Amino acid sequence: MTQDEFDKLVKELDTLSKDIMKGKRPEYTNENEDVLHNFKSTADRLNISSLKVWSIFFDKQLQSIFSHVNNANLKKSESIESRFADVINYSYLGLSLFRERNDNKKNN
């Protein structure tokens with residue numbers, strides 16, 4: 001793959017990840033202003049930390065990718081590109097949860 005081909009792929013994946021995040025946000029946040037609402041509300045229901053919820057959701061994305069690594073003929077419910085785009089989005093969300101936790105520690 002040439003540098004130009006790679007740069008094009010990065011741009012396409014970046015655009016896809018942003019489109020997915022924008023499209024899924026209202027449902028996942030339940031139209032809450034807090035973009036981390038999904039993790040926090042699930043954490044409250046399950047009595048675990050929001051970071052643990054995030055790690056479970058993130059692992060689901062990774063598991064899907066690993067399944068396709070191990071079986072090239074596996075039926076895809078979503079495109080592999082969307083799975084990688086979701087990994088990018090979960091990275092943003094995970095870092096946001098870590099930052100929020102660290103900020104809360106500083107303020108307490």
Side-chain angles (χ1 to χ4, degrees):
M1 177 174 282
T2 67
Q3 185 65 47
D4 287 341
E5 291 170 327
F6 180 78
D7 290 344
K8 182 180 177 192
L9 181 145
V10 168
K11 185 176 181 180
E12 289 170 359
L13 188 58
D14 185 49
T15 299
L16 179 59
S17 70
K18 288 177 181 169
D19 288 347
I20 288 171
M21 185 179 293
K22 185 177 180 181
K24 289 183 177 181
R25 185 174 290 160
E27 181 179 354
Y28 285 144
T29 62
N30 200 20
E31 298 184 340
N32 190 295
E33 186 176 302
D34 185 352
V35 296
L36 304 173
H37 176 74
N38 186 35
F39 303 106
K40 293 173 183 178
S41 63
T42 301
D44 288 344
R45 280 193 308 278
L46 299 176
N47 197 30
I48 61 176
S49 75
S50 54
L51 273 167
K52 285 187 180 182
V53 172
W54 168 85
S55 69
I56 293 165
F57 292 179
F58 183 65
D59 186 63
K60 175 185 165 280
Q61 299 301 325
L62 294 176
Q63 181 60 46
S64 176
I65 291 169
F66 291 141
S67 293
H68 291 287
V69 166
N70 293 318
N71 183 353
N73 298 317
L74 188 63
K75 183 181 176 196
K76 295 173 180 72
S77 63
E78 293 182 33
S79 71
I80 198 68
E81 292 83 2
S82 72
R83 294 292 185 179
F84 278 98
D86 277 336
V87 166
I88 291 168
N89 290 333
Y90 275 98
S91 295
Y92 293 138
L93 294 164
L95 180 58
S96 297
L97 284 164
F98 274 100
R99 289 240 175 117
E100 190 172 81
R101 182 179 73 177
N102 289 340
D103 289 346
N104 287 340
K105 283 183 180 180
K106 289 178 187 175
N107 295 329
N108 289 331

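Throughout, numbering of the chain's residues begins at 1 and tracks the sequence. Nothing here was measured: the structure is a model prediction, and the numbers come from that model.
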Do [X] and [Y] sit in the same hydrophobic cluster, where Ile, Leu, Val, Met, Phe, Trp and Tyr count as joined when their side-chain heavy atoms come under 4.5 Å apart?
X	Y	value
Phe39	Val35	yes
Phe6	Leu13	no
Phe98	Tyr92	yes
Leu46	Ile56	yes
Val69	Phe58	yes

Atom pair [atom1]/[atom2] of [X] and [Y] - distance to nearest 0.5 Å:
X	Y	atom1	atom2	value
Glu81	Leu9	CD	CG	8.0 Å
Lys106	Arg101	NZ	CZ	12.5 Å
Lys11	Thr15	NZ	OG1	6.5 Å

* Qualifying residues under ring-ring contact (aromatic ring centres under 6.0 Å, His included), relative to Tyr28, sequence neighbours excluded -> none

Considering all heavy atoms of both residues, which atom of [X] and which atom of [Y] are nearest to each other, and what is their separation?
X	Y	answer
Ser17	Asn89	O-ND2, 2.9 Å
Gly94	Leu51	O-CD2, 4.2 Å
Ile20	Ala85	CD1-CB, 3.7 Å
Leu97	Ser50	CD2-OG, 3.6 Å

* Asked: Do Ser49 and Trp54 come close enough that some side-chain heavy atom pair is under 4.5 Å?
  ->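 The answer is no; the side chains never approach within 4.5 Å.
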
* Asked: Are side-chain heavy atoms of Asn104 and Glu100 found at a separation under 4.5 Å?
  -> yes

* To do: Step through the shown structure and confirm whether more than 12 heavy atoms of other residues, nucleotides or ligands are within 6.0 Å of CZ on Phe84.
  => no

* More than 12 heavy atoms of other groups within 6.0 Å of Glu31 CD ->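 Atom CD in Glu31 is not packed in, count stays at 12 or less.
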
Looking at [Y], is its backbone amide N or carbonyl O close enough to the side chain of [X] to form a donor-acceptor pair, meaning the two atoms are under 3.5 Å apart?
X	Y	result
Asn70	Phe66	yes
Ser64	Gln61	no
Asn32	Asp34	yes

* Donor-acceptor side-chain pairing of Asp7 and Gln3 below 3.5 angstrom ->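 Yes, because at least one side-chain N or O of Asp7 sits under 3.5 Å from a partner of the opposite role on Gln3.
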
* **side-chain contact (heavy atoms from CB on, under 4.5 Å) assessment of Arg83 paired with Ser77** => CA-CA 10 Å; Arg83 294 292 185 179; Ser77 63; 3.4 Å; yes

* Full working for side-chain contact (heavy atoms from CB on, under 4.5 Å) between Phe57 and Leu93 -> CA-CA 11 Å; Phe57 292 179; Leu93 294 164; over 6 Å; no

* To do: Starting from the C-alpha separation in whole Å, work towards a yes-or-no answer on side-chain contact (heavy atoms from CB on, under 4.5 Å) for Lys24 and Asp86.
  => CA-CA 11 Å; Lys24 289 183 177 181; Asp86 277 336; 3.4 Å; yes

* To do: Under the side-chain contact (heavy atoms from CB on, under 4.5 Å) rule, what do Ser96 and Leu36 come out as? Steps first, then yes or no, please.
  => CA-CA 8 Å; Ser96 297; Leu36 304 173; 4.0 Å; yes

* Should Asp14 and Lys18 count as an ion pair when the cut-off is N to O under 4.0 Å? -> yes

